[in-house]
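Here's the structure, in structure tokens; my notes come after.
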Number of protein chains: 2
Amino acid sequence: MLDYVSGEKNLVKSLDEKSETLPDHIGWRLWQASRAWQTEFAAAMRAAGHHWFTEARAGLLGHIPRGGMRQSALIERSAISKQAVQQLLDGLETEGVLQRLPDPQDGRGKLVRYTRKGLDALRDGDRIKLQIERSYVARLGHERFAALMGALRSLDRTQADALDKASGVQDDAPESK
Amino acid sequence: MLDYVSGEKNLVKSLDEKSETLPDHIGWRLWQASRAWQTEFAAAMRAAGHHWFTEARAGLLGHIPRGGMRQSALIERSAISKQAVQQLLDGLETEGVLQRLPDPQDGRGKLVRYTRKGLDALRDGDRIKLQIERSYVARLGHERFAALMGALRSLDRTQADALDKASGVQDDAPESK
DNA sequence: ACCAGTAGTCAAGATGCTTGACTATGTATC
DNA sequence: GATACATAGTCAAGCATCTTGACTACTGGT
């Protein structure tokens, strides 16, 4: 499977110089770390029997609290179009993970609720998250892991401010799209 | 089976009570931070005139050093199928960002090289990366930013070991390879 | 009753990835 | 050389995800 390593002398020679190093900036590192986590988590979820689990669906489910929520609120919270939300919900409903019920308070609205199957998946997801987190702590140590989480939380907290400033000062993104 | 339907009032109540708790685990934070960075970077690149720039293409370009490389090496390095790599390369070649030349050392192979347009984009990309990084440092402080980068690098460095262990010891997930 | 705004749906299409099947070339073996 | 297998790349089809545009149904203010 890894036999192609033996042919690397040709590769090195064919380039002007030896290969440059991979990127090492914050965006690349965040991307790689995020992908590694998601890949590991999705694999564990599917191994736990949740074959419907995909990363896109996970992204949406992450916005839905256990008590359920209005579909419109979900659309507002997630960063994607309402049609994309709907299609993801359609799939999750077909899989039996979620249910959509009419909102008794508003004839236009729908309430999104977890089914038992969905709640079971959430429970397994929590367990897997803790497992992965433990491995991260083992690799970094408690202190550095806490520093990592703290830094990421700080970035998230200051993100809204940064966006406000950007939309207030710049004019490259008119909101009337 | 549908017993949860009977608890409609509970649902409404739980919505009113603002039980909304967004996730706060390492995977979620990494995902949000990564998405925020990519969105900001892609927007800046397109604002700089590189309208062909997308996040998928960026992910591929990140693996291609300035001196170019064998297409087969790129396939090996990126985590996606050779057909996906090819389609991305097709698009980038059509956009004039890259060029594919026959490998003089191997009649089967192709060399992927940047055009001037591609090198210009890399240069702008480096500038934008530094800008974003500066804003991150401003939001976190030098020390916490360095800690963040260090932790992400450590995770990346220990990732290979973790995967080796997983594939060598466990036999859990027979996921289509 | 009217009408503007909101919630959700339907339809069509673009992008980014997948697997399967294929051609062309290199390499090892006899 | 001939043969057989491996490697590099391409072509085709399909699926998942996300987009925009057009639409229906309902709400609330006047």
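Values below: all heavy atoms of this structure, side chains included; hydrogens, waters and symmetry mates excluded. Below, read A as the first sequence line, B as the second, and so on, with proteins coming before strands; counting in each chain starts at 1.
Within a 6.0 Å radius of CD in A/Glu143, no more than 12 heavy atoms belonging to other residues, nucleotides or ligands are found. The environment of CD in A/Gln131 is crowded: more than 12 heavy-atom neighbours from other residues, nucleotides or ligands sit within 6.0 Å.
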For nucleotides 25-30 of chain D, 5' to 3', base contacts (B), sugar-phosphate-only contacts (S) and non-contacts (-) with protein non-hydrogen atoms under 4.0 Å give -BS---
Expected string for nucleotides 9-16 of chain C under the B/S/- scheme (protein heavy atoms, under 4.0 Å, primed atoms plus P, OP1, OP2 as sugar-phosphate) is BB-B---S
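Proximity of the aromatic rings of B/Trp28 and A/His63 is defined here by a centroid distance below 6.0 angstrom, and this criterion is met.
B/Ile80 places its CD1 atom 16 Å from the C1' atom of D/dT17, with the value rounded to the nearest Å. Residue A/Leu61 contributes atom CG, which lies 11 Å from atom P of D/dT17 at whole-angstrom precision. The separation between B/Gln38 atom CD and D/dC18 atom P is 13 Å, rounded to whole Å. The interatomic distance linking A/Leu98 (CG) with C/dG8 (C1') rounds to 16 Å, in whole Å. We find that CE of A/Met69 is positioned 12 Å from P of C/dA7, with the value rounded to whole Å.
The aromatic rings of B/Phe53 and B/Phe41 stand perpendicular to each other, their planes meeting at an angle above 60°, with 30° marking the opposite boundary.
Applying the salt bridge (Lys or Arg N to Asp or Glu O under 4.0 Å) criterion to B/Arg46, with sequence neighbours excluded, gives no partner residue.
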Quick one: do A/Arg100 and A/Asp90 satisfy salt bridge (Lys or Arg N to Asp or Glu O under 4.0 Å)? Show the steps, please. CA-CA 9 Å; A/Arg100 270 184 289 189; A/Asp90 285 346; 2.3 Å; yes
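If you check every strand for non-hydrogen atoms under 4.0 Å, A/Ser81 touches a base.
Partner of A/Asp103 under the side-chain contact (heavy atoms from CB on, under 4.5 Å) criterion, chosen from A/Arg108, A/Gln71, A/Lys110, A/Arg70: A/Arg70. In summary, of the residues considered (B/Leu101, B/Leu89, B/Val85), a side-chain contact (heavy atoms from CB on, under 4.5 Å) with B/Val112 occurs for B/Leu89 alone.
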